[in-house]
Amino acid sequence: PLLKRRSAGLGIHGVGRLKPGVTMQQAQADMDAVARSLALAYPEANKSIGCSMVPLKEMLVGDVKPFLLVLLAAVGFVLLIACVNVANLLLARSTSRTREFAVRIALGASRTRIVWQLLTESLLIALAGGSLGVLLASYGTRAALGILPRALPRAESVSIDARVLIFTAALTLLTGILSGVLPALLRTSRMNLHDTLKEGGRASSGARHRAQSVFVIAQMAMALVLLIGAGLMLRSLVRLWHVDPGFRANNVLYFGMSFPAAMNHASVDAVRANYRQLEQTLASTPGVQEVSPAWGAFPLSSDDEQLFWFEGQPKPKSKNDMNWAIDYIVGPTYFKALRIPLLRGRLLTASDDEHAPRVTVVDDVFARKYFPNEDPIGKRIIRDTGVESAAEPMEIVGVVGHVKQWGLDTDDSQALRSQFYMNWMQMSDEYTALYASGSSMVIHSDGRDPQIFNAIRHASQQMNAEQVVFGAESMNQMVADSLASQRFSMILLSLFAALALLLASIGIYGVISYVVSERTREIGVRMALGAERMDILRIVLGSGGKLLVIGVGAGIIVALALTRLMSSLLYGIRATDPLTFVAVTLLLSVVALLACYLPARRASMVDPIVALRNE
């Protein structure tokens, strides 16, 4: 399990292995007892500090469980739709074989033998489909691994192994049986041999018609559920793309910089001089507009949480009683590089160096949280670093907009996760020495040179051949990566929904075609008695429309219950978003009616003389 020490939003992490036979509940109780003992022994340092234990596996996979459950449900719906579709098509196909079955039974074949024959045919189809599916999955898995989001844990271990093949074989056999048993039973039950042989196998069965109608309704309902799920994910992703992150990602590049080993033994003044020279060198590179070091926190990449208290107030006796905020140690041009807007006061400047009074810039969440009814400009805070010489008050000189630190789908401002910025030049000697070996850097380019990173690397080597520039990533890519899980979920659900829509359309098309073929004589009589083509078209479309209405109604009810499982995957919309439900229902209705229209149009073109003669 993972041990996490809670302390005012800060803490340490540790990993431990439980003894055999010890449960998580017992281990948590033991750690709670240790925390209480520490609080009694050291009340100033350990007051209100506890420990929470989480299984390491749960910590690694994070919140991916809801996504996998939704994906599993989507796969299950597609599989059910495919089974229902195959069963429906087999049932319609076997209509022409009714006379064949009657002849077999008349010659002595048992009904059980006929059922086994139909099941065997269904299993052969299922095995062929399963084999093709495994082949496609082997290629599809490799393709999917290339687009899997990096945030999806253990994606590198996804592969087709013996367990997957055994599961696939068992599932293939099960689907073959499920899709074949009902058509087989319907085709052999209550068969009247005399009437079947006399009518040439054209006798209809109300049970078969009802079964086919139920199949189509089920297909429509399941397809609607998948389409609604995909629609919700699509709308959620669109909302995320329109979220204001608090900065502008275009033409921003974030990378690491490693200095020569000799800098680890240099004086603090030499370290500061090296940073200043680096800023000047990179700023003079063609195409670079702004450049800044980025110590500590950086949006969508890393965070550094810092404790502090206000000047004029006594220093809290316990760290647990202090305030905390996200701490950005940056250069004066950082705000211009990321286009972070200034709301009040001024930004950091080059004159705010190690010889000037210490200043800080806070975000609007900080201002609202700690100074709700007053101007924060001029107020002073003290940053706790554990080093007394660094505990000099910092004056607030400006207020900037809030930055989305942990992702576009997190509401940092509602969680009151405030932020403040300091000039790296004003950091203490002890803190500056920590970054003697290197730092993260951020630049804003004019966007004209796509190979700007190569120019930066060249400029760095010109300054010092031992400097290494690495890990370059555009801010746009970082924003895209933060949405990778949602985008991947949307793509998969959309693919499954499109497949479900296709299968459902084929299903309703097959049933209406079957109904039309059985009602050819009736249609011929109607047209001979004066029915117009529009009348025939209306009758056939009405049959399909009834199935569609029932299927859509059932699908909406199921979707209202199941889409709530997706709530944690959505952003900015509810799981019962009415616009999505209405739009998807209209889409499914249009596609289903189009599938009904084709056989309906064919029925309206029937020549009554030919139809009656063939009958």
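Throughout, numbering of the chain's residues begins at 1 and tracks the sequence.
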Calculate, to the nearest 0.5 Å, the distance between atoms [atom1] and [atom2] belonging to [X] and [Y] respectively.
{"X": "L503", "Y": "L226", "atom1": "CG", "atom2": "CG", "result": "10.5 Å"}
{"X": "L253", "Y": "S445", "atom1": "CG", "atom2": "OG", "result": "7.5 Å"}
{"X": "I443", "Y": "F453", "atom1": "CD1", "atom2": "CZ", "result": "9.0 Å"}
{"X": "L408", "Y": "R239", "atom1": "CG", "atom2": "CZ", "result": "14.5 Å"}
{"X": "I166", "Y": "L171", "atom1": "CD1", "atom2": "CG", "result": "13.5 Å"}
{"X": "L127", "Y": "L132", "atom1": "CG", "atom2": "CG", "result": "12.5 Å"}

**OP:** Inspect the contact between R574 and D577 and indicate whether a charged nitrogen and a carboxylate oxygen are less than 4.0 angstrom apart.
**Re:**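 A salt bridge is absent here (no side-chain N lies under 4.0 Å from a carboxylate O).
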
Donor-acceptor pair, [X] side chain versus [Y] backbone, under 3.5 Å?
{"X": "Q419", "Y": "V403", "result": "yes"}
{"X": "S543", "Y": "I539", "result": "yes"}
{"X": "D364", "Y": "H402", "result": "yes"}
{"X": "S122", "Y": "G176", "result": "yes"}
{"X": "S236", "Y": "Y571", "result": "yes"}
{"X": "R564", "Y": "L560", "result": "yes"}
{"X": "T563", "Y": "A575", "result": "yes"}
{"X": "R339", "Y": "N250", "result": "no"}

Original post:
What do the steps show when you test L537 against Y597 for side-chain contact (heavy atoms from CB on, under 4.5 Å), and what is the final call?
Top reply: CA-CA 8 Å; L537 198 65; Y597 173 77; 4.2 Å; yes

**OP:** Compute whether any side-chain donor of one residue and acceptor of the other, for N251 and H444, lie under 3.5 angstrom apart.
**Re:**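 Per modelled atom types, N251 and H444 side chains form no pair under 3.5 Å.
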
**OP:** Compare all side-chain heavy atoms of M233 with those of L570 and state whether any distance is below 4.5 angstrom.
**Re:**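 They are in side-chain contact.
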
**OP:** Kindly say whether the aromatic ring centers of F298 and Y254 come within a distance under 6.0 Å.
**Re:**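 Between F298 and Y254, the centre distance is under 6.0 Å.
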
**OP:** Tell me, yes or no, whether the heavy-atom count around E532 atom CD, taken from other residues, nucleotides or ligands under 6.0 Å, exceeds 12.
**Re:**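 Not buried by this count: 12 neighbours or fewer within 6.0 Å.
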
